[in-house]
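Reading through the structure tokens given below for one structure.
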Amino acid sequence: MNILDKIIFDKQREVVLKKSIIPISQLESSVFFEREIISLSQKLRESNSGIIAEHKRRSPSKSIINNNFTVEEVVKGYEDAGACGISVLTDGKYFGGSLDDLLLARASVNIPLLRKEFIVDEYQILEAKAHGADLILLIAAVLTREEIKSLSEFAKKLGLEVLLEVHNLEELQKSIMPSLDMIGVNNRNLKTFEVSLDYSKQLASQIPDEFVKVSESGISSVEAISELKPFGYKGFLIGENFMKTDNAGEAATEFIKQL
Ligand SMILES: O=P(O)(O)OC[C@@H](O)[C@@H](O)c1c[nH]c2ccccc12
């Protein structure tokens with residue numbers, strides 16, 4: 001079993017357990033069901049920098065990135081730096097995140113928040129909404145076209161935006177549908193952890209213009225962004241490069257200043 005299969009296997013069991021503890025009606029009673037979302041796709045279209053900064057303590061490929069910050073410090077720092085949006089990892093077992101992180105982030109900033117999660121069930125989309133997210137991630141590598149369709153349509157019904165993540169042409173071709181807002185190319189192969197910006201470059205021309213193009217992972221320099229912009233990318237998802245420093249917000253500020 002590769003790591004991605006393991007994560008999904010665990011996630012499916014986690015969702016079954018959580019459903020048995022917290023009923024949907026409880027999620028739906030969250031104040032955030034009344035809240036209107038802030039559109040990340042619109043912010044990215046209008047922005048010159050396009051940075052989506054990520055809160056990430058650790059990952060399967062890096063056992064410790066940073067554990068010394070509070071969520072508030074990091075996300076406030078990102079917002080002050082001028083990030084267009086923030087991605088908050090909520091997976092506990094592999095990334096050390098939680099839905100509480102998302103809630104704390106929501107209480108701290110007024111820019112779009114992405115629930116960064118391995119979504120396999122509508123229940124997790126309700127959780128995202130209930131904890132203040134503006135958009136969700138769907139990963140084409142672990143979902144069928146039918147699943148992408150039903151999950152993305154469910155998210156849209158709740159008023160959330162959808163970022164669909166692909167890593168190759170096959171995943172992209174099976175996924176294109178009107179219920180998506182943004183398409184992200186992950187430069188990291190989630191099965192092998194190999195990273196190359198060439199994935200973004202190669203797939204760019206195949207992404208229809210109506211979707212905002214986002215390049216994800218392994219971005220560690222402003223040069224990388226200047227290389228990707230001519231391919232039509234408007235969004236750049238950066239985690240480790242900021243989180244590995246001793247002041248993520250300051251690192252983001254310095255980075256965005258140079259763009
Ligand atoms: O830390 P990086 O290399 O800047 O990458 C951020 C983000 O793209 C990465 O965390 C990510 C992209 N797709 C994912 C799916 C699940 C978990 C994590 C991810």
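Quick caveat: nothing in here was measured; it's all calculated off a predicted structure. For ligands, and for the atoms within them, numbers begin at 1 and follow the listed sequence.
Near E240, the atoms of ligand 1 lying under 4.0 angstrom from a non-hydrogen atom of the residue are 1 (O), 2 (P), 4 (O). Those atoms of ligand 1 with a heavy atom of E216 less than 4.0 angstrom away are 8 (O), 12 (C), 13 (N). Atoms of ligand 1 lying under 4.0 Å from at least one heavy atom of I238, given by number and element, are 4 (O).
By the 6.0 Å contact criterion, CD on E170 is open, its count of non-hydrogen atoms from other residues, nucleotides or ligands being 12 or less. Heavy-atom neighbours of E73 CD from other residues, nucleotides or ligands within 6.0 Å: above the threshold of 12.
Using a cut-off of 4.0 Å between Lys/Arg side-chain N and Asp/Glu carboxylate O, E240 and K62 are scored as salt-bridged. A salt bridge does not link K116 with D91: every distance from a Lys NZ or Arg NE/NH1/NH2 to an Asp or Glu carboxylate oxygen is 4.0 Å or more.
Annotation: G218 places an N or O atom under 3.5 Å from an N or O atom of ligand 1; distance criterion only. Between E54 and ligand 1, an N or O atom pair is found at a separation short of 3.5 Å. Here's the thing with G239: one of its N/O atoms is less than 3.5 angstrom from an N/O atom of ligand 1.
Given atom 8 (O) of ligand 1, the protein heavy atom at minimum distance is S217 OG, 2.7 Å. Scanning the protein heavy atoms around atom 16 (C) of ligand 1, the nearest turns out to be F118 CZ, 3.3 Å. Regarding atom 13 (N) of ligand 1, its nearest protein heavy-atom neighbour is E165 OE1, 2.7 Å. Of the protein's heavy atoms, F95 CZ, 3.5 Å lies nearest to atom 17 (C) of ligand 1.
The shell of residues lying under 4.0 angstrom from ligand 1, judged by heavy atoms, includes L237.
Under 4.0 Å from ligand 1, the heavy atoms of K56 that appear belong solely to its side chain.
Side-chain N or O atoms of K174 include one that pairs as donor or acceptor with a backbone N or O of L143 at under 3.5 Å.
Nearest approach of E161 to S39, heavy atoms of both residues: OE2-OG, 3.1 Å.
Below 30°, between 30° and 60°, or above 60°: for F255 and F242 the angle between ring planes is above 60°, a perpendicular geometry.
When the options K62, R188, K116 are ranked by their closest heavy atom to atom 12 (C) of ligand 1, first place goes to K116.
Judged by distance alone, the side chains of Y199 and E194 do bring a donor and an acceptor atom under 3.5 Å apart.
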**Request:** Apply salt bridge (charged side-chain N to carboxylate O under 4.0 Å, His left out) to K156 and E153, showing your working.
**Result:** CA-CA 5 Å; K156 301 299 291 181; E153 287 175 354; over 6 Å; no
